[in-house]
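Heavy-atom basis, side chains included; hydrogens, waters and symmetry copies ignored. Note that the numbering runs from 1 along the sequence shown for the chain.
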Amino acid sequence: MIRSTLAALALCFAFPVCAQTSDPAPEPRAQTLPYSPVIVSGDTIYLAGHLGFVPGTRAFPEGGIGPQTTQTLENIGATLATVGASHADLVRCQVFLVNAEDFGGMNAAYRKFFPETPPARTTVAVALAAPDALIEIECTGVKGHGGP
C-alpha cells in the first residue's frame, strides 16, 4: 500500500500543471491534474516535485543520474524565477532517488547548485511513476533568504 501511495504521489508530481510555472505550453493531460508546481504563501515558496525533463519535451537527458539531477535543478530554477526567487532562497529539499546507488552521482551534480550553505535535505530511495525518471526533487523556500 505504501508503494502504491508513493507511486500515486510521484505521478502527481511528474506531470505539472502550469498555474504558476514557466512552461509556456503544458500538455493537455498535464492541465487536468489537480496541483500547482509552485505556490507562494507570504514569503514561503512551496515547490511540488520536479523531474529532469528537457524543456519542451517529456524526455530525460542521456547520461544517468548526473545529467538528470542537473536538469531537475535547472527546471526548479526556472520555476523559482517565475515567482521572483532563485536556488539561494531554498531552505529545504527532499530528493527521491530510484536507485540508492545514485546517491554519490546525485550529490556531485547537486553540490554545483549549492556551493555554500546548501538547504537542509532528505534523500530517500523510492519507485517513481514517470518511466525513465531517476530522480525527483521537491523544495521549500523563503523569499529573500538568499539575499537581496
Side-chain angles (χ1 to χ4, degrees), residues 2 4-61 65-100 102-130 133-148:
I2 292 174
S4 63
T5 301
L6 286 173
L9 288 171
L11 179 62
C12 288
F13 293 135
F15 303 100
V17 295
C18 294
Q20 296 180 344
T21 183
S22 59
D23 188 350
E27 292 182 19
R29 178 176 172 190
Q31 294 175 2
T32 64
L33 295 176
Y35 82 100
S36 299
V38 62
I39 295 290
V40 176
S41 179
D43 288 336
T44 305
I45 307 161
Y46 300 94
L47 285 101
H50 280 60
L51 299 174
F53 289 124
V54 174
T57 75
R58 288 291 181 200
F60 294 101
I65 193 63
Q68 277 202 33
T69 301
T70 297
Q71 188 62 61
T72 299
L73 288 165
E74 287 175 357
N75 294 350
I76 285 170
T79 299
L80 286 166
T82 68
V83 295
S86 72
H87 290 100
D89 293 310
L90 296 177
V91 296
R92 178 147 172 68
C93 292
Q94 294 80 40
V95 177
F96 305 97
L97 292 174
V98 170
N99 299 308
D102 284 339
F103 187 73
M106 176 276 296
N107 269 327
Y110 186 94
R111 183 173 284 117
K112 294 175 187 174
F113 287 83
F114 305 104
E116 296 179 23
T117 318
R121 188 183 84 195
T122 301
T123 304
V124 297
V126 301
L128 295 177
L134 300 176
I135 187 169
E136 181 171 342
I137 303 174
E138 71 176 46
C139 303
T140 305
V142 177
K143 279 193 168 191
H145 170 74

[X] side chain vs [Y] backbone, donor-acceptor pair below 3.5 Å:
X: Asp89; Y: Gly141; value: no
X: His50; Y: Pro37; value: no
X: Ser36; Y: Val38; value: no
X: Asp43; Y: Val142; value: no

task = Evaluate the criterion side chain to side chain contact (heavy atoms under 4.5 Å, CB included) for residue pair Ile137 and Cys93; output intermediate values, then yes/no.
result = CA-CA 7 Å; Ile137 303 174; Cys93 292; 4.3 Å; yes
Measure the shortest side-chain to side-chain distance between [X] and [Y] over non-hydrogen atoms and say whether it is less than 4.5 angstrom.
X: Leu90; Y: Thr140; answer: no
X: Thr72; Y: Asn75; answer: no
X: Cys139; Y: Leu47; answer: yes
X: Leu97; Y: Ile65; answer: yes
X: Lys112; Y: Thr70; answer: no

inquiry  = Distance check, rounded to the nearest 0.5 Å: Ser86 atom OG versus His145 atom NE2?
reply    = 10.0 Å
Would you be so kind as to tabulate the donor-acceptor pairs closer than 3.5 Å made by side chains of residues 113-128, with sequence neighbours excluded?
residue: Arg121; atom: NE; partner: Thr123; partner atom: OG1; Å: 3.1
residue: Arg121; atom: NH1; partner: Asn107; partner atom: OD1; Å: 2.9
residue: Arg121; atom: NH2; partner: Asn107; partner atom: OD1; Å: 2.7
residue: Thr122; atom: OG1; partner: Arg92; partner atom: NH1; Å: 3.3
residue: Thr122; atom: OG1; partner: Arg92; partner atom: NH2; Å: 3.1

request  = Go through the steps for Ile135 and Asp102 under the test side chain to side chain contact (heavy atoms under 4.5 Å, CB included), then give the verdict.
outcome  = CA-CA 9 Å; Ile135 187 169; Asp102 284 339; over 6 Å; no
query = For Val95 and Phe103, what are the C-alpha separation, side-chain angles and deciding distance, and is it a side chain to side chain contact (heavy atoms under 4.5 Å, CB included)?
reply = CA-CA 10 Å; Val95 177; Phe103 187 73; over 6 Å; no
query = Quick one: side chain to side chain contact (heavy atoms under 4.5 Å, CB included) partners of Pro61, sequence neighbours excluded?
reply = Val54, Pro67, Gln68, Gln71
